[in-house]
Number of protein chains: 2
Amino acid sequence: MLTYTEENYLKAIYHLSGEDQREVSTNAIAEALLTKPASVTDMLRKLADKSLVHYVKYQGVSLTRKGRKEALLVVRKHRLWEVFLVDKLKFNWDEVHEMAEQLEHIQSTILIDRLDAFLDYPSFDPHGDPIPDQKGDLKIRKKFLLSDVPVAFSGKVIALADTSPVFLQYLDRLAICPGCAIQVTDKIEFDGSLELLLNAKKKIVISNEVAKNLYVH
Amino acid sequence: MLTYTEENYLKAIYHLSGEDQREVSTNAIAEALLTKPASVTDMLRKLADKSLVHYVKYQGVSLTRKGRKEALLVVRKHRLWEVFLVDKLKFNWDEVHEMAEQLEHIQSTILIDRLDAFLDYPSFDPHGDPIPDQKGDLKIRKKFLLSDVPVAFSGKVIALADTSPVFLQYLDRLAICPGCAIQVTDKIEFDGSLELLLNAKKKIVISNEVAKNLYVH
DNA sequence: ATAAAAATTTAGATGAATCTAAAAAATAAA
DNA sequence: TTTATTTTTTAGATTCATCTAAATTTTTAT
Ligand SMILES: [Mn+2]
Ligand SMILES: [Mn+2]
Ligand SMILES: [Mn+2]
Ligand SMILES: [Mn+2]
């Protein structure tokens with residue numbers, strides 16, 4: 001069994017190491033968890049003792065197969081609870097993170113599987129992120145940053161790089177959400193801002209900063 | 001804000017002090033929380049410092065108005081989650097206690113109020129226990145132990161003194177649950193066992209031990 | 001009323017998770 | 001390639017919740 005804190009560390013390392021599961025630095029973890037580097041070092045030793053991470057002093061850390069699985073089971077719980085909060089309790093997608101942050105630590109496999117069934121086996125959370133299965137397996141979709149895509153590109157928003165409330169609220173105002181159809185009608189050289197056709201009917205302009213936080217396919 | 005452990009202590013003291021909110025002993029709390037008397041003493045001093053309990057060394061403990069309110073808010077969360085688990089996730093009433101024991105510590109007033117609405121403002125949990133309101137107020141119903149009631153008594157089961165899985169499973173077998181109509185058709189002098197008419201159609205016999213764990217009105 | 005038993009509290013330790021301050025190692029700059 | 005800067009780790013404390021063993025207080029029994 002993992003402690004509350006160990007689960008949070010594993011999840012943070014998982015998120016920080018990205019698609020390619022690269023090594024994560026002590027400072028990066030400290031910043032993500034609002035803690036100090038010294039505390040992170042202690043915990044890394046503890047996680048290494050439990051074979052949850054590969055850790056060599058001064059050389060960063062990465063998840064073992066076991067650690068990655070545990071991390072993904074926490075991610076599964078987090079995202080399923082988010083779906084519950086938005087679909088059933090009618091919260092807005094920018095309000096659910098804090099609550100899911102606690103709910104993800106409820107320990108009961110049967111509970112989370114029943115919740116999964118109750119929600120009708122969703123594949124994605126309200127922010128467009130995929131939900132791992134019972135075994136902690138995740139199917140990865142190819143995705144591109146909207147800021148890297150060429151003019152005339154046509155596709156759908158499938159995920160967000162930033163999921164902070166301010167960004168989510170701004171997306172609400174722009175009427176952008178995962179699933180939206182997007183066509184890049186123009187790209188401004190000067191500042192990288194984009195002119196888009198949203199859902200084949202609405203014309204909008206977004207800054208490069210926004211485009212860098214939207215994944216499309 | 002209360003810690004996870006403080007919430008558990010307050011709830012235990014609330015349950016142990018009963019209807020009339022009598023003083024609770026250190027040993028009783030230790031037994032209820034599967035901990036040692038020495039640990040309880042430490043915590044009582046801490047709770048007293050926070051004005052959550054009235055505590056005089058060697059003389060037992062009782063909840064202050066503030067402590068009672070906090071305890072009832074935990075009870076509210078516990079019972080609402082139990083309703084969710086049984087009504088929505090289709091768990092049996094004997095399976096939900098452990099999970100609710102964790103869920104009751106999720107900290108978000110708005111979450112629990114939304115859950116309340118989602119469940120259609122239930123008044124009782126799956127075991128027949130009343131659910132306190134947002135302010136931590138509870139309406140108490142008069143109730144009698146089935147074992148104390150005279151022959152020919154007619155009424156309904158409204159709560160259980162014991163809610164352990166074994167007892168709940170036995171009640172399932174007898175088809176007794178909160179809300180059931182009960183008529184006492186005979187009482188055996190020898191061992192206090194009762195002959196009942198259940199829901200005006202089924203005749204059953206229960207031991208005095210069972211009758212002592214059923215509340216009726 | 002005194003002695004024995006039970007309940008409760010204190011003293012001192014432990015493990016988990018955190019911190020600050022100082023030392024050591026790795027990286028970047030001159 | 002030295003030196004300076006940044007990153008990371010160690011050393012030593014702190015807080016929370018727990019424990020065991022010993023000392024107190026209260027309660028019960030003789
Ligand atoms: Mn969390
Ligand atoms: Mn999410
Ligand atoms: Mn609990
Ligand atoms: Mn209950």
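No experiment lies behind these values; they were computed from the predicted model shown. Only heavy atoms go into these numbers, but all of them, side chains included; no hydrogens, no water, no symmetry mates. Convention: sequence-line order gives letters A, B, ...; per-chain numbering from 1.
Between B:L47 atom CG and D:dC16 atom C1' there is a gap of 13 Å when expressed in whole angstrom units. In this structure, CG of A:D42 is placed 13 Å from P of C:dT20, rounded to the nearest angstrom. Rounded to an integer number of Å, the gap from CD of B:E31 to P of C:dA6 is 15 Å. B:L33 has its CG atom 19 Å from the P atom of D:dC16, to the nearest Å. The interatomic distance linking B:E23 (CD) with C:dT8 (P) rounds to 11 Å, in whole Å. Between the CD atom of B:Q59 and the C1' atom of C:dA7 there is a distance of 13 Å, rounded to whole Å. The nearest whole Å value for the distance from the OH atom in A:Y58 to the P atom in C:dA24 is 9 Å. What separates CG of A:L44 from P of D:dT8 is a distance of 10 Å, to the nearest Å.
In summary, B:K11 and B:E70 do not engage in a salt bridge, as defined by a charged side-chain N under 4.0 Å from a carboxylate O. B:D20 and B:R22 are joined by a salt bridge, as a carboxylate oxygen and a charged side-chain nitrogen come within less than 4.0 angstrom of each other. Salt bridge absent: B:E82 and B:K77 never bring a charged side-chain N and a carboxylate O closer than 4.0 Å. The pair B:R79-B:E104 does not meet the salt-bridge criterion, since no charged nitrogen lies less than 4.0 angstrom from a carboxylate oxygen. A salt bridge links B:R76 to B:D116: at least one charged side-chain nitrogen sits closer than 4.0 Å to a carboxylate oxygen.
Among the atoms of the strands shown, base atoms are found under 4.0 Å from some heavy atom of B:S39.
The phosphate of D:dT6 (OP1 or OP2) has no side-chain N or O of A:N27 nearer than 4.0 angstrom. At the phosphate of C:dT9, neither OP1 nor OP2 sits under 4.0 Å from any side-chain N or O atom of B:R45. Side-chain N/O atoms of A:T41 include none lying less than 4.0 angstrom from OP1 or OP2 on D:dT10. Between A:T35 and C:dT18 there is no side-chain N or O to OP1 or OP2 distance below 4.0 Å. Between A:K57 and the phosphate of D:dT10, there is a side-chain N or O to OP1/OP2 separation shorter than 4.0 Å.
Judged by a 6.0 Å distance limit and a 45° cone about the ring axis, A:K143 is positioned over the six-membered ring of A:Y215.
Near DNA chain C, defined here as any heavy-atom distance below 4.0 Å, there are no residues from residues 99-107 of chain B. Residues of residues 2-11 of chain A that place a heavy atom closer than 4.0 Å to DNA chain C, in numerical order, are A:T3, A:T5, A:Y9.
A donor-acceptor pair shorter than 3.5 Å cannot be found between the side chains of A:S25 and A:N27.
Aromatic pair A:F84/B:F84: ring centres closer than 6.0 Å.
Taking the six-membered ring where the residue is Trp, A:W93 and A:H127 present parallel rings, their angle staying beneath 30° rather than reaching 60°.
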